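Remarks on the structure that follows.
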There are 2 protein chains.
Amino acid sequence: MAERPPIEARGGGPSGDAVDTPGARSRDRDHAAEVRRALLAGDDAPRRSFDDGATVRPAGQPRNAVFVIEAGWLYSARILPDGRRQLLEVWLPGQIVGLGEHGLQRPLSALYALGPTELHEISWERLRERMCASGELSDQVAMLIAHERLMFEERLTSLGRRDAAERLGHFLLEMHHRLRPSANRFRLPVTQAFLADMLGLTSVHVSRMLSQLRDEGLVDMNDQGVHLLDIDTLRRACDFDPGYLAVDPVCNDAD
Amino acid sequence: MAERPPIEARGGGPSGDAVDTPGARSRDRDHAAEVRRALLAGDDAPRRSFDDGATVRPAGQPRNAVFVIEAGWLYSARILPDGRRQLLEVWLPGQIVGLGEHGLQRPLSALYALGPTELHEISWERLRERMCASGELSDQVAMLIAHERLMFEERLTSLGRRDAAERLGHFLLEMHHRLRPSANRFRLPVTQAFLADMLGLTSVHVSRMLSQLRDEGLVDMNDQGVHLLDIDTLRRACDFDPGYLAVDPVCNDAD
DNA sequence: CGGCATGTTGACCATATTCAATTGAAGTGG
DNA sequence: CCACTTCAATTGAATATGGTCAACATGCCG
């Protein structure tokens with residue numbers, strides 16, 4: 001068993017933007033940027049600020065807007081009645097948050113600020129209006145939703161079939177890829193409890209696994225600073241293939 | 001707790017289709033049916049048959065079609081290089097499979113037949129053509145993709161934060177809801193190993209947990225026949241809320 | 001009949017959780 | 001400046017949940 005295709009199954013690098021099967025659109029174009037421009041055109045979208053930890057959008061309430069992140073990070077989470085929580089996604093500057101609730105009356109997941117944030121708020125009314133006006137916009141929105149789905153596909157695989165160390169390594173590689181720092185260091189402003197709720201673990205075990213990764217010379221993480229010591233080994237160990245990551249339009253400061 | 005709306009959620013189900021926040025679309029219309037009609041109009045879509053277990057679409061190959069299920073079930077799966085596999089979704093008759101790969105050159109997940117199946121194949125070329133022609137179609141496709149994403153959101157929560165028994169109960173309730181049998185019995189033509197790969201467990205443990213659920217008087221499952229003995233208790237125990245399930249257009253035989 | 005796939009059960013083991021104690025850093029208020 | 005609190009992280013010990021290995025039963029099908 002076990003085929004052995006991926007790990008670099010592309011043309012060259014994470015986005016061999018050369019070949020394009022006819023009729024198939026490349027994910028390499030920055031759809032988010034185009035959608036952002038379309039949604040913000042007119043420049044009258046209200047701006048909103050949130051403090052660290054603030055609830056940007058509660059769960060269960062009628063959904064009525066999407067957000068374009070101007071600065072800061074967000075995360076989405078699903079809370080169970082007994083308090084357990086599963087974090088679903090981390091959202092970075094430039095991303096459009098909330099498209100995935102298209103067609104849903106009330107989101108099941110809540111949205112919180114990860115650090116102080118600046119957002120543009122675009123009402124669904126306005127969004128619909130612009131989508132009706134532009135088939136291309138509709139299409140790009142569909143692709144962005146498909147990309148959110150694809151991220152979940154990968155995370156589902158992590159939670160279902162990867163052990164704690166693999167999940168951690170995989171997630172850190174993912175964030176590294178999304179943030180595109182110049183070096184192998186980047187800031188990840190989250191606690192270990194956050195990582196735990198993201199990866200289906202406990203904070204205690206996250207602490208242990210990070211120590212282990214450090215001992216193995218793979219990752220050094222302290223005080224929200226991540227240093228990937230041996231990316232190639234880590235990628236192999238975690239079965240990380242960035243093929244599922246679209247270009248995330250993020251401007252970021254390394255270290 | 002535990003609402004009690006659906007089970008016949010068509011006319012006035014989980015979301016009293018009377019009220020509709022302006023600009024917000026209800027998920028209660030059967031978008032899948034409308035998209036199906038649009039894609040199959042002309043009736044020249046090639047039909048394809050697959051035997052049980054056949055690969056409908058391999059992973060890693062250029063994606064070039066979506067499928068409308070005429071009869072039989074499909075499932076999608078992600079396979080890790082070392083053979084571990086995570087099943088992602090079960091697809092039922094009437095569903096359109098492959099929309100979630102919109103914008104992606106090569107799907108990471110493979111698609112297999114669960115029992116003998118009959119499909120209509122619609123090329124992406126054709127799909128794009130019709131989406132360009134109809135903004136409404138684009139929009140409905142976006143909603144269907146959003147729904148796939150929503151299913152993942154729920155399953156992610158299961159894998160991350162629910163224990164084995166809860167995952168099993170939750171999944172069975174979900175299938176019960178999607179299949180809409182007349183009674184509390186339905187056929188689920190999968191093995192315990194299948195359930196295991198779906199829920200991030202081992203087949204041995206699935207066996208044990210099913211025995212436990214039987215002992216508790218909650219679920220009786222044998223030879224692919226599921227009997228939900230105490231739905232209300234089960235729902236409460238598993239935190240199952242069908243709100244995330246759109247109306248799945250499925251015709252099914254109970255028992 | 002024999003082979004294969006599936007499910008069940010037991011014994012043992014591993015991974016991860018729970019509980020608890022400790023440390024260090026950061027913030028508050030006297 | 002110094003208690004005092006709070007929160008995050010670390011570590012150890014005990015525990016639990018689920019995994020591994022293996023044996024066996026059953027049903028199906030050639």
Side-chain angles (χ1 to χ4, degrees), chain A residues 1 51-53 80 82-87 114-116 158-172 187-216 219-227 237-238, chain B residues 51-53 80 82-87 112 114-116 158-172 187-216 219-227 237-238:
Chain A
M1 61 172 65
D51 293 333
D52 180 33
L80 300 191
D82 65 355
R84 287 178 287 184
R85 60 179 212 161
Q86 177 61 46
L87 307 193
L114 193 51
S158 267
L159 295 203
R161 287 302 181 218
R162 290 196 253 256
D163 67 24
E166 289 173 318
R167 285 181 220 178
L168 260 170
H170 197 279
F171 180 75
L172 294 179
R187 250 182 56 76
L188 188 65
V190 305
T191 65
Q192 294 184 353
F194 183 99
L195 293 174
D197 283 339
M198 190 95 208
L199 302 175
L201 302 166
T202 59
S203 61
V204 174
H205 205 233
V206 166
S207 174
R208 285 193 232 274
M209 290 298 104
L210 284 175
S211 300
Q212 180 185 307
L213 288 174
R214 189 175 307 123
D215 294 345
E216 292 172 344
V219 177
D220 191 10
M221 177 172 187
N222 42 30
D223 193 32
Q224 312 189 338
V226 180
H227 187 188
C238 302
Chain B
D51 294 332
D52 180 33
L80 301 191
D82 65 356
R84 287 178 286 185
R85 60 177 211 162
Q86 177 61 47
L87 306 194
Y112 304 99
L114 193 50
S158 267
L159 294 202
R161 287 300 180 220
R162 290 197 252 255
D163 66 24
E166 289 173 317
R167 284 181 219 178
L168 260 171
H170 197 278
F171 181 74
L172 294 179
R187 251 182 56 75
L188 188 64
V190 305
T191 65
Q192 293 185 352
F194 183 99
L195 293 174
D197 282 340
M198 190 94 209
L199 302 174
L201 302 166
T202 59
S203 60
V204 175
H205 203 54
V206 167
S207 175
R208 284 194 235 272
M209 291 298 104
L210 284 175
S211 300
Q212 180 185 307
L213 289 174
R214 189 175 306 124
D215 294 344
E216 292 172 343
V219 177
D220 190 10
M221 178 171 187
N222 42 29
D223 193 32
Q224 312 189 338
V226 180
H227 188 188
C238 302

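Because the structure is a prediction, the values reported are computed rather than measured. Naming: A, B, ... by sequence-line order, numbering from 1 per chain. Excluded from the calculations below are hydrogen atoms, water molecules and symmetry mates; all remaining heavy atoms, backbone and side chain alike, are included.
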What is the distance, to the nearest angstrom, from the CG atom on A/L210 to the C1' atom on D/dT11? 14 Å
Report the nucleotide, chosen from C/dT9, D/dG18, D/dT11, that has the shortest atom-to-atom distance to any side-chain atom of A/S211. D/dT11
Value in whole Å for how far the P atom of C/dT15 lies from CG of B/L201: 17 Å
Under 4.0 Å between a Lys/Arg side-chain N and an Asp/Glu carboxylate O for A/D197 and B/R161? yes
In this structure, how many angstroms lie between the C1' atom of C/dG27 and the CG atom of A/D52, rounded? 15 Å
Near DNA chain D, under 4.0 Å by heavy atom, which residues of residues 158-170 of chain A? none
For A/L199 and C/dA16, what is the distance between atoms CG and P respectively, to the nearest whole Å? 12 Å
Send over the distance from B/R214 CZ to C/dT9 C1', rounded to a whole Å. 13 Å
Distances for protein N/O vs nucleotides 5-7 of chain C N/O pairs under 3.5 angstrom?
residue: C/dG7; atom: OP2; partner: B/Q192; partner atom: N; Å: 2.8

Once you round it to whole Å, what is the distance between C1' of C/dT18 and CZ of A/R84? 15 Å
Would a distance-only check, ignoring hydrogens and angles, find a side-chain to backbone donor-acceptor pair under 3.5 Å from B/R214 to B/D220? no
Check every atom of D/dA22, C/dT18, C/dA16 against the side chain of A/V204 and return the nucleotide holding the closest atom. C/dT18
